[in-house]
Amino acid sequence: MSTLPPARIGASLDEVETPGLVVDLDTLETNLATMARRVAQITPAVALFPHAKTHKTTEIAHLQMQHGAQGICCQTVAEAEGLARSGIPAVMLTNQIVSRGKARRLAEIARRTTLFVCVDDELHISVLGRAADANDATIEILVEIDVGGGRCGVTPGTRAADLAELTERTPGLHFAGLQAYHAVAQHLIARADRETAIAGAVAAVQLSTAELTERGLACGIVAGAGTGSFELELASGVYTHLQCGSYAVMDVSYEGIEMDMDFAHALFLLTTVISSPGAGHAICDAGLKAFSVDSGLPVVHGRSDIEFVHASDEHGKLAIPDTTLDVGTRLSLVPGHCDPTVGMHDWIVAARDGVVEALWPVLRGR
Ligand SMILES: *Cc1c(COP(=O)(O)O)cnc(C)c1O
């Protein structure tokens, strides 16, 4: 790890270096338990594979395993390596791999861990197949279909079945099923819009599984869902694996979504007021290099009288029309978007009742 830990175990949260990311363990564990309860209500059972891109730490992944998960999803090879090395028995890389170097690293993982990887092109299949075969490994392949999100994924139906057939003919690979994640649906505000989007996703899955069945190919897995839509995939009777991520810690971007939100903010960015020149504003030490702004600026936790109004590289501007803030005041921010914010930090401080309980390295790199 390239940077010093931002705190020592047993210290008060007031001693954590800022800007620094903190996870509140009680809230995190409550969120994980809530998801475990939701999933357990469904029969036939659906497998929970929480997405680790949200937190990028093996420790939270293991907490998720203790809360009913059967495996863990990730988005980078570095995350997959960290998860596998830490003993997660099943890892699902919900991404496409083109590089031979990355394919070799994945084949190495697949020798000891059940590893799923997504494909939506013949090139992915040949690169992964060669690496797996040369390493005496088997990689489980999910053919990704575009269910309406417009990101990765082939057209549902014939093309998906063609890639499944090619996978089955390729030494080192095994066709396991479909990846059917609807990225755009997650943040649709109106529940009715999410229902329409996921109904479309279900139809796309059914079109594809019908084609697979016709060709005699077994489709054991249909994976998808995120925090915004998972109740719909859960109820569909078609999805077998759920890969929600944000539910573990939440963020501002999920606040406006119309749903039964049982999940609470567990991820905070601690910041210190470094300048307080008056004139209705103060400056803190958290800026664009401490949080992502793709989903908006952070919100100051528990302080509706302070508004985070502007960010530059290492400065944040706080509007305080009706109050003053002393230099040295510490504040907690709720990030606009949890996942890319975590990716900017080397450590997450795990705290309970204001005391540092653990220090977790973030799985950075690719
Ligand atoms: C981000 C992502 C998820 C998790 O979505 P959340 O909205 O964070 O719950 C699941 N699957 C894939 C492929 C993703 O990219």
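For the numbers below, each heavy atom of this structure counts, side chains included, while hydrogens, waters and symmetry mates do not.
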Non-hydrogen atoms of Thr271 and Cys284 that approach each other most closely
OG1-CB, 3.3 Å
Between Thr341 and Ser292, what is the shortest heavy-atom contact and its length?
OG1-N, 3.2 Å
Below 4.0 angstrom, N of the basic side chain to O of the carboxylate: do Lys53 and Glu79 qualify?
no
Any donor-acceptor N/O pair, Ser126 side chain to Leu123 backbone, under 3.5 Å
yes
Fit a plane to each ring of Phe308 and Phe291, take the angle between them on a 0 to 90° scale, and name the class: parallel (under 30°), tilted (30 to 60°) or perpendicular (over 60°).
perpendicular
Side-chain donor or acceptor of Arg112 paired with backbone N/O of Glu108 under 3.5 Å:
yes
Within a 6.0 Å radius of atom CD on Glu17, are there more than 12 heavy atoms belonging to other residues, nucleotides or ligands?
no
Can you find a pair of side-chain heavy atoms, one from Val46 and one from Leu48, that are under 4.5 Å apart?
no
Look only at the side chain of Thr323 and the backbone of Ile320, and say whether a donor-acceptor pair between them is shorter than 3.5 Å.
no
Ignoring hydrogens and angles, tell me if any N or O in the side chain of Asn135 forms a donor-acceptor pair with the backbone of Ala131 under 3.5 Å.
yes
Quick one: SG on Cys338 to CG on Leu267, what's the gap to the nearest 0.5 Å?
7.0 Å
Parallel, tilted or perpendicular: which one describes the rings of His187 and His337, with boundaries at 30° and 60°?
perpendicular
Step by step, work out the salt bridge (Lys or Arg N to Asp or Glu O under 4.0 Å) result for Asp162 and Arg215.
CA-CA 10 Å; Asp162 288 347; Arg215 299 197 201 179; 2.7 Å; yes
salt_bridge(Arg8, Glu15) N-O dist < 4.0 Å:
yes
side-chain hydrogen bond (donor to acceptor under 3.5 Å, both in side chains) test vs Gln75 passes for just one of Thr94, Thr54, Asn95, namely Thr94
Are Val205 and Leu163 grouped together when hydrophobic residues (ILVMFWY) are joined by side-chain heavy atoms under 4.5 angstrom apart?
yes
Please identify each residue that fulfils ring pair (Phe, Tyr, Trp, His ring centres under 6.0 Å) with His310, with sequence neighbours left out.
none
Could you go through Glu122 and Arg159, starting from their C-alpha distance and side-chain angles, then the distance that decides it, and tell me whether this counts as salt bridge (Lys or Arg N to Asp or Glu O under 4.0 Å)?
CA-CA 11 Å; Glu122 285 78 0; Arg159 172 96 177 112; 2.9 Å; yes
Closest non-hydrogen atom pair between Ala132 and Gly172, with its separation:
CB-O, 3.3 Å
If you count heavy atoms of other groups shown closer than 6.0 angstrom to CZ of Arg352, is the number above 12?
yes
Taking atom CZ of Arg330 as the centre, does the number of heavy atoms from other residues, nucleotides or ligands within less than 6.0 Å exceed 12?
yes
Expected output: side-chain Asn31 to main-chain Phe263 donor-acceptor under 3.5 Å
no
Would you say Gln179 and Phe116 make side-chain contact, with heavy atoms under 4.5 Å?
no
By ring pair (Phe, Tyr, Trp, His ring centres under 6.0 Å) - contacts of Tyr239 (at least two apart):
none
Heavy-atom check, side chain of Leu270 versus side chain of Val22, under 4.5 Å:
yes
Does any part of the side chain of Val16, heavy atoms only, come nearer than 4.5 Å to the side chain of Leu13, both counted from C-beta?
yes
Look at the side chain of Gln186 and the backbone N and O of His182, then say whether any donor-acceptor pair between them is shorter than 3.5 Å.
yes
Would a distance-only check, ignoring hydrogens and angles, find a side-chain to backbone donor-acceptor pair under 3.5 Å from Trp347 to Ala7?
no
side-chain contact (heavy atoms from CB on, under 4.5 Å) between Asp26 and Asp353, intermediate numbers included
CA-CA 8 Å; Asp26 285 334; Asp353 296 328; 3.9 Å; yes
Option passing side chain to side chain contact (heavy atoms under 4.5 Å, CB included) with Val119 (candidates Val127, Leu173, Ile139, Leu128):
Leu128
Calculate, to the nearest 0.5 Å, the distance between atoms CG and OG1 belonging to Leu83 and Thr57 respectively.
8.5 Å
Trace of the side-chain contact (heavy atoms from CB on, under 4.5 Å) decision for Arg194 with Ile257:
CA-CA 10 Å; Arg194 265 173 289 130; Ile257 307 295; 3.3 Å; yes
Under the 3.5 angstrom rule, does the side chain of Asp146 hit a backbone N or O of Gly149 as a donor-acceptor pair?
yes
If only side-chain N and O atoms count, and only distance matters, is there a donor-acceptor pair under 3.5 Å linking Glu233 with Ser229?
yes
Roughly how far apart are Leu325 CG and Ser275 OG, rounded to 0.5 Å?
11.0 Å
Separation of His51 NE2 from Cys244 SG (nearest 0.5 Å)
10.5 Å
Test side chain to side chain contact (heavy atoms under 4.5 Å, CB included), reference Leu178, set Thr209, Ile221, Leu142, output is Thr209
Yes or no on side-chain contact (heavy atoms from CB on, under 4.5 Å) for Val77 and Leu106, after CA distance, side-chain angles and deciding distance?
CA-CA 7 Å; Val77 176; Leu106 290 176; 4.1 Å; yes
With heavy-atom distances below 4.5 Å as the criterion, would you say the side chains of Pro361 and Glu59 are in contact?
yes
If hydrophobic clusters are built from ILVMFWY residues whose side chains come within less than 4.5 Å, do Met65 and Leu63 share one?
no
Just do the side-chain contact (heavy atoms from CB on, under 4.5 Å) check on Trp360 and His55 with the steps written out, would you?
CA-CA 10 Å; Trp360 294 335; His55 50 74; over 6 Å; no
Distance from Asp14 atom CG to Thr272 atom OG1, nearest 0.5 Å?
9.5 Å
Test item: side-chain donor near acceptor, Glu144 and His124, under 3.5 Å:
no
Do Pro340 and Asp294 have side-chain heavy atoms sitting under 4.5 Å apart?
yes
Within the structure provided, determine whether Ile198 and Val147 are in side-chain contact (heavy-atom separation under 4.5 Å).
no
Using a 3.5 Å distance criterion without hydrogens, assess whether the side chain of Ser99 forms a donor-acceptor pair with backbone atoms of Gly101.
yes
Check: Gly228 main-chain N/O paired with Tyr254 side-chain donor or acceptor under 3.5 Å
yes
Thr34 versus Asp262, side-chain donor and acceptor atoms under 3.5 Å:
no
How far does CD of Glu307 sit from NE2 of His281, to the nearest 0.5 angstrom?
14.0 Å
For residues Ser208 and Ile145, report the shortest heavy-atom separation together with the two atoms involved.
OG-CD1, 3.7 Å
Under 4.5 Å between any side-chain heavy atoms of Ser276 and Thr324, yes or no?
no
Common cluster, Ile141/Leu93, ILVMFWY with side-chain heavy-atom separation under 4.5 Å
yes
